[in-house]
Amino acid sequence: MRPTKRFSRGSSARGRTLAGVLAGLLALTGCSLLGDDSGGSPRSGTGTTVPHSTASADKALPYDVTPLLKPAKKYYGVAVPGAPTSMKSVDAYTGMTGKQPNLVEYYAGWGDGFDATGVRNAWAEGALTLMSWEPFDTPVGDIAAGRSDRYIKEYATAVRRLNLPVVIDFADEFNGHWEKWGTDHVTPAQYVAAWRRIHQTFVDAGATNVIWAWSPNIVNPVRNVKLEPYYPGDAYVDWIGLIGYFTTGSDNAFDSVFGLTRDRIRTFTEKPFLLLETAAMAGERRRADIRNLFAGVAADDDMLGFVWFNHKKRADWRLEASPLALKEFKRLAADDRFGFDVRKPS
């Protein structure tokens, strides 16, 4: 279970309420809130833009994400406030850790527009974006039943028009009871149906420039919840995006944190893993946790890399909160196995 809630529903970073209102108004006028492919200067606000001419983008072949699915080096990712709409916090993280992240995670509410500007911003610095798409205000059962089809189609069309690679994970931590789309609210059948419907809509729109990350929470706090019934199938998933943290109240060995989940998933799929969201709790043990993180990812060929959650949310997960741990992180991040320019993955 994530030890800290990432963002409140009213978070200005996501702008879900405003985006929902605007989406409704624009839908009535035949306009779109979703991103464009114009390649022009970034707009102000949320970073979403209104499509202009899309003829050239629509004719271009979809970006081939194959080289990014299992590259030779590891992803060195981060989630930081404001990114990727603004890359200032990513740049600061680069200066602090001595290495530029090549994977930038952000969180979007269901109903938000596609942040085409943010994706372009990250790509310009050699980073792939990973969007965690969270249906706070729309039941997953409604998505499965087709009640969001128009929104999904518009979103997929915007992603295709931009034609840069993006990673999407939908309704992460579905195996926990603490999310509105978790086990207390959604059946495995509903979850799988919603995932497949979203995925197929993207395929139908030609948006094959998406890498799909299926992202359970580590099973340690919910061992009685079976993961396989929630798995959409290999045809619908590219990465397994594990979410798990090193906390002071548990064994900090890498296998103790991630091993049980990894072993259970390996009974039904061979898809590669990404630590889609991780960090270590501040304290005396943080340096050891960081060493275990880097060593565990480096030792496993099926571990694609990790995303460090560098936020202060209830607990302070920011590296800068622990100078000695930051120094250790910087030392380990210098390893050439971590990080590469996603625009030139081979």
Side-chain angles (χ1 to χ4, degrees), residues 6-7 11-16 19 33-50 63 65 68 71 73-109 112-134 158-159 161-169 209-211 213 274-279 304-313 317-321 326 329-330 333-334 338-345:
R6 287 184 299 231
F7 303 98
S11 169
S12 60
R14 294 185 188 171
R16 277 190 291 269
L33 183 66
L34 303 182
D36 78 340
D37 68 316
S38 63
S41 61
R43 308 275 180 98
S44 60
T46 63
T48 54
T49 48
V50 179
Y63 193 100
V65 300
L68 295 167
K73 295 185 178 182
K74 307 286 187 179
Y75 284 100
Y76 173 72
V78 71
V80 285
T85 303
S86 168
M87 292 293 284
K88 290 181 179 179
S89 54
V90 176
D91 295 340
Y93 188 86
T94 300
M96 180 175 66
T97 66
K99 179 169 284 185
Q100 181 171 317
N102 65 346
L103 185 60
V104 177
E105 181 171 10
Y106 71 101
Y107 305 91
D112 287 359
F114 174 53
D115 188 359
T117 296
V119 174
R120 283 195 297 265
N121 290 344
W123 189 253
E125 296 193 15
L128 187 63
T129 49
L130 191 162
M131 181 190 74
S132 185
W133 210 356
E134 300 180 316
V159 171
R161 285 172 178 167
L162 181 63
N163 205 19
L164 290 175
V166 295
V167 185
I168 294 178
D169 90 81
N209 50 308
V210 176
I211 296 170
L274 173 80
L275 301 189
L276 185 136
E277 190 180 298
T278 191
L304 299 173
F306 68 87
V307 177
W308 183 274
F309 183 75
N310 207 62
H311 287 270
K312 184 179 181 180
K313 298 291 176 181
W317 305 104
R318 298 173 305 161
L319 287 169
E320 55 266 39
L326 170 58
F329 189 98
K330 186 174 182 178
F338 289 88
F340 59 93
D341 188 333
V342 296
R343 297 167 299 185
K344 302 173 183 177

- Message: On a heavy-atom basis, which atom in A333 and which in T97 lie closest, and how many Å separate them?
- Response: CB-O, 4.2 Å

Residues which pass side chain to side chain contact (heavy atoms under 4.5 Å, CB included) with [X], listed by chain and number, not counting sequence neighbours:
X    : result
A321 : R286, D316
L164 : V119, R120, W123, L162
A127 : V104, A122

- Task: Could you tell me which residues satisfy side-chain hydrogen bond (donor to acceptor under 3.5 Å, both in side chains) with N310, sequence neighbours excluded, listed by chain and number?
- Result: W308, E320

- Would Y75 and F340 count as a close aromatic pair, with their ring centres under 6.0 Å? yes

- Task: Begin from the C-alpha positions of V210 and V166 and carry the test side chain to side chain contact (heavy atoms under 4.5 Å, CB included) through to its verdict.
- Result: CA-CA 5 Å; V210 176; V166 295; 3.8 Å; yes

- Item | salt bridge (Lys or Arg N to Asp or Glu O under 4.0 Å) partners of K99, counting only residues at least two apart | none

- Message: Taking salt bridge (Lys or Arg N to Asp or Glu O under 4.0 Å) as the definition, give me every residue that meets it alongside D341, ordered by chain and number, with sequence neighbours left out.
- Response: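 Testing D341 for salt bridge (Lys or Arg N to Asp or Glu O under 4.0 Å), a comparison that skips the adjacent residues, returns R343.
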
- Have a look at P84 and tell me which of T129, L130, V90, T117 forms a side chain to side chain contact (heavy atoms under 4.5 Å, CB included) with it. T129

What distance separates [X] [atom1] from [Y] [atom2], expressed to the nearest 0.5 Å?
X    : Y    : atom1 : atom2 : result
F114 : R161 : CZ    : CZ    : 12.0 Å
L276 : D169 : CG    : CG    : 5.0 Å
D112 : Y106 : CG    : OH    : 9.0 Å
T278 : F306 : OG1   : CZ    : 8.5 Å

- Pairs involving residues 74-91, ordered by first then second residue, that meet salt bridge (charged side-chain N to carboxylate O under 4.0 Å, His left out) (sequence neighbours left out):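 Not a single pair qualifies under salt bridge (charged side-chain N to carboxylate O under 4.0 Å, His left out).
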
- Using a 4.5 Å cut-off on heavy atoms from C-beta on, say whether the side chain of L274 contacts that of L103. yes

- Heavy-atom side-chain contact between I168 and M131 under 4.5 Å: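 Counting from C-beta outward, I168 and M131 do come under 4.5 Å.
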
- Message: If the condition is ring-ring contact (aromatic ring centres under 6.0 Å, His included), which residues does Y93 pass it with, not counting sequence neighbours?
- Response: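 For Y93, no residue satisfies ring-ring contact (aromatic ring centres under 6.0 Å, His included) once neighbours in sequence are set aside.
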
- Partner set under ring-ring contact (aromatic ring centres under 6.0 Å, His included) for Y76, not counting sequence neighbours: none

